[in-house]
Every structure is written in C-alpha cells, then in structure tokens.
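These numbers were taken from a predicted model, which means no experiment stands behind them.
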Amino acid sequence: MVTTITQGVKISVDTIYQDEHSNPANGHFMFAYRIHIQNLTEYEIQLMRRQWFIFDSNGTIREVEGEGVVGVQPVLTPGESYTYVSGCNLKSDIGTMSGRFLMKRSADDREFLVDIPKFELITPYRLN
C-alpha cells in the first residue's frame, strides 16, 4: 500500500493482479486498485474530477481524466472516508499509475488538487 497526504486529504492505494480477467498470451494484463480517501481537514470537501497517468512498460503512456470516480462525486465531511475500487488494463506485465483529484471545499467553493501517489502494477510472477 502507498499513501500520501496533500492539503489535508489522505490517499492510500492497494493493487491486485486480476489473473482471471487477464490473457498474457494476447498482451492483456488486468489490475484492480482500491483507493481510500480520508478527509483530514476541518472542512467538507467534494471530489470533482480525476486525472490519471498510466505508464505501461512497453513504453505507452496514457492520460485519463473525467468527472468524479466510478460515476460519483463523493462529499466527505471532516474525518470521513470514501473507498472505491476500479481497474486498469496494460499490454505488459509491469506498469505504474499516478494522478490527482480536483477537490472543492464546500464552505467557499475553493478548488484544490490532491496527489494520488504513484503505485506499481506488477504481475505476481514478475516478483519471484
């Protein structure tokens, strides 16, 4: 698990290789990742947008961005957490992801960026 805190918002990430959804012979490697967001500020905040940078060890870099996460724009009161699971496919057995969330403070509509720590996507057999 990797964790970072930016402007009072804690982001933790775990990953798991999805063997049952992968097909290595055809260059299809599927990974799931779980993001845990915790509001350590004294304000209510809302996650507005996400931006991902996905590096595949075959040299491909993709950027993905959009509103919210998994179809929602969660609101977190002080001390509250939100966890979601999503996935990423690669064409090789090693890669990384990193990114950021655009958050909005409810009290004054001030927007700010929160870093998503860089995490590795590695098939288990590459770790042996």
Side-chain angles (χ1 to χ4, degrees):
M1 178 180 292
V2 295
T3 299
T4 190
I5 299 174
T6 308
Q7 297 195 54
V9 180
K10 182 178 179 180
I11 308 292
S12 300
V13 186
D14 297 311
T15 63
I16 188 164
Y17 177 60
Q18 301 285 291
D19 187 48
E20 66 279 7
H21 299 292
S22 298
N23 187 338
N26 290 329
H28 181 77
F29 301 86
M30 190 70 196
F31 296 86
Y33 56 88
R34 180 176 41 230
I35 306 286
H36 183 77
I37 305 163
Q38 186 176 9
N39 180 4
L40 302 176
T41 75
E42 57 189 47
Y43 306 100
E44 181 179 88
I45 58 174
Q46 183 174 16
L47 191 157
M48 304 304 294
R49 299 187 67 79
R50 72 190 180 289
Q51 181 179 30
W52 287 108
F53 301 99
I54 304 163
F55 172 77
D56 199 322
S57 65
N58 69 2
T60 305
I61 299 174
R62 293 180 283 163
E63 181 180 349
V64 176
E65 70 137 345
E67 288 188 1
V69 291
V70 294
V72 297
Q73 293 177 309
V75 174
L76 302 169
T77 58
E80 191 174 14
S81 296
Y82 179 79
T83 301
Y84 74 95
V85 176
S86 191
C88 176
N89 66 306
L90 298 178
K91 294 185 186 214
S92 68
D93 56 357
I94 297 177
T96 63
M97 288 179 67
S98 62
R100 56 189 171 198
F101 293 130
L102 177 66
M103 310 295 278
K104 182 171 73 171
R105 198 164 75 177
S106 298
D108 58 7
D109 288 337
R110 185 178 74 88
E111 294 183 336
F112 60 99
L113 293 172
V114 171
D115 294 327
I116 303 166
K118 184 178 193 177
F119 56 94
E120 296 177 335
L121 304 167
I122 302 175
T123 57
Y125 60 83
R126 290 295 296 242
L127 295 174
N128 294 326

What heavy-atom pair brings [X] and [Y] nearest, and what distance separates the two atoms?
X    : Y    : value
L121 : M97  : CD1-CG, 3.7 Å
F31  : D93  : CZ-O, 4.1 Å
Y43  : A107 : CD2-CB, 4.5 Å

Are the side chains of [Y] and [X] in contact, using a 4.5 Å heavy-atom criterion?
X    : Y    : value
V2   : T4   : no
I54  : L90  : yes
T6   : L113 : no
Y82  : V72  : yes
P74  : V69  : yes
L102 : F112 : no

Only residue of M103, R50, E67 satisfying side chain to side chain contact (heavy atoms under 4.5 Å, CB included) with Q73 is E67

Under the side-chain hydrogen bond (donor to acceptor under 3.5 Å, both in side chains) rule, what pairs show up with a residue in residues 94-103, not counting sequence neighbours? Q51-R100

Can you run down the side-chain hydrogen bond (donor to acceptor under 3.5 Å, both in side chains) pairs that involve residues 18-27, sequence neighbours left out, and say none if there aren't any? Y17-S22

D56 side chain to S92 side chain, donor-acceptor N/O pair below 3.5 angstrom: yes

Distance-only, no hydrogens or angles: does the S57 side chain make a donor-acceptor pair with backbone N or O of I94 under 3.5 Å?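 Looks like yes, one N/O pair under 3.5 Å.
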
Would the distance check show the side chain of D115 and the main-chain N or O of P117 forming a donor-acceptor pair, the cut-off being under 3.5 Å?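 Such a contact is absent between D115 side chain and P117 backbone.
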
Hey, what do you get for [atom1] ([X]) to [atom2] ([Y]), rounding to the nearest 0.5 Å?
X    : Y    : atom1 : atom2 : answer
L76  : I45  : CG    : CD1   : 5.0 Å
R110 : R105 : CZ    : CZ    : 4.5 Å
S12  : F119 : OG    : CZ    : 12.0 Å
Q46  : S106 : CD    : OG    : 6.5 Å

Apply side-chain contact (heavy atoms from CB on, under 4.5 Å) to residues T60 and F55 and explain how you reach the verdict. CA-CA 6 Å; T60 305; F55 172 77; over 6 Å; no

Stepwise side-chain contact (heavy atoms from CB on, under 4.5 Å) test for W52 and I116: CA-CA 9 Å; W52 287 108; I116 303 166; 3.6 Å; yes

Does atom CG (L40) have a neighbourhood of more than 12 heavy atoms from anything else shown, all under 6.0 Å? yes

Got a sec: does the CD of Q38 have more than 12 other heavy atoms crowding it under 6.0 Å?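 Count over threshold, so yes.
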
Joint hydrophobic cluster, V64 plus F29, side-chain heavy atoms closer than 4.5 Å: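 Yes, it is one cluster - the side chains of V64 and F29 are joined through contacts under 4.5 Å.
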
Spell out, yes or no, whether V114 and V70 are grouped together once hydrophobic residues are joined by side-chain heavy atoms under 4.5 Å, including indirect joins. yes

Partners of E80 by salt bridge (Lys or Arg N to Asp or Glu O under 4.0 Å), sequence neighbours excluded? none

Under the side chain to side chain donor-acceptor pair (under 3.5 Å) rule, collect the residues that match up with E65, sequence neighbours excluded.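 Applying side chain to side chain donor-acceptor pair (under 3.5 Å) to E65 gives R49.
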
In chain order, what residues pass the side chain to side chain donor-acceptor pair (under 3.5 Å) check against N89, with sequence neighbours excluded?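 Here no residue qualifies.
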
Taking only residues two or more places apart in sequence or in another chain, which ones pass side chain to side chain contact (heavy atoms under 4.5 Å, CB included) with R34? D14, T83, V85

Apply side-chain contact (heavy atoms from CB on, under 4.5 Å) to the pair K10 and T3, showing each step before the final yes or no. CA-CA 7 Å; K10 182 178 179 180; T3 299; 3.5 Å; yes

Ring geometry between Y33 and Y84 (parallel below 30°, tilted from 30 to 60°, perpendicular above 60°):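 Plane angle over 60°, so perpendicular.
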
What's the verdict on side-chain contact (heavy atoms from CB on, under 4.5 Å) for I35 and S86, showing C-alpha distance, side-chain angles and the deciding distance? CA-CA 8 Å; I35 306 286; S86 191; over 6 Å; no

